[in-house]
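A quick write-up on the structure given underneath.
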Amino acid sequence: MSVPAMITSVTDQPFTELASAIQSKDDAGFDKAYADLTDGCNSCHQALNHGVVVIRIPREASTSDQDFTQASP
């Protein structure tokens with residue numbers, strides 16, 4: 001599978017769900033879609049052997065959504 005196809009396969013559904021949750025002001029739906037998107041991004045990084053790039057849900061508004069600590073193999 002090409003990298004663009006892989007990215008699309010893990011992001012299309014969560015992005016659609018995020019847009020829907022934002023439109024309907026559904027906090028729980030947004031949280032779930034954001035978590036699904038985050039999981040999808042991390043699974044793609046793992047599949048491409050870039051596991052050192054780990055995306056996380058920000059803990060605070062000013063916190064980065066990336067965790068650059070070395071992931072265990």
Side-chain angles (χ1 to χ4, degrees):
M1 178 181 281
S2 71
V3 172
M6 183 181 285
I7 292 168
T8 299
S9 75
V10 299
T11 61
D12 269 0
Q13 179 82 23
F15 276 134
T16 299
E17 291 174 2
L18 275 171
S20 176
I22 291 168
Q23 184 69 28
S24 63
K25 298 180 181 0
D26 177 3
D27 291 341
F30 178 89
D31 289 346
K32 180 186 180 317
Y34 194 89
D36 290 346
L37 178 61
T38 300
D39 291 344
C41 290
N42 287 325
S43 69
C44 193
H45 293 168
Q46 290 293 324
L48 295 172
N49 294 318
H50 295 293
V52 68
V53 179
V54 178
I55 306 300
R56 65 180 178 179
I57 296 173
R59 295 184 184 109
E60 299 174 9
S62 63
T63 302
S64 172
D65 68 342
Q66 295 186 3
D67 179 358
F68 293 104
T69 59
Q70 180 67 35
S72 40

Gap separating the CD1 atom of Ile22 from the CD atom of Glu17, nearest 0.5 angstrom: 12.0 Å
Taking only distance into account, with no hydrogens and no angle test, what donor-acceptor pairs under 3.5 Å do side-chain atoms of residues 25-32 form with protein atoms, sequence neighbours excluded?
residue, atom, partner, partner atom, Å
Asp26, OD1, Ala28, N, 3.3
Asp26, OD1, Gly29, N, 2.9
Lys32, NZ, Asp36, OD2, 2.6

Qualifying residue for side-chain contact (heavy atoms from CB on, under 4.5 Å) with Leu37, from Ile57, Asn42, Thr11: Thr11
Residue from Val10, Thr38, Leu48 passing side-chain contact (heavy atoms from CB on, under 4.5 Å) with Ser43: Val10
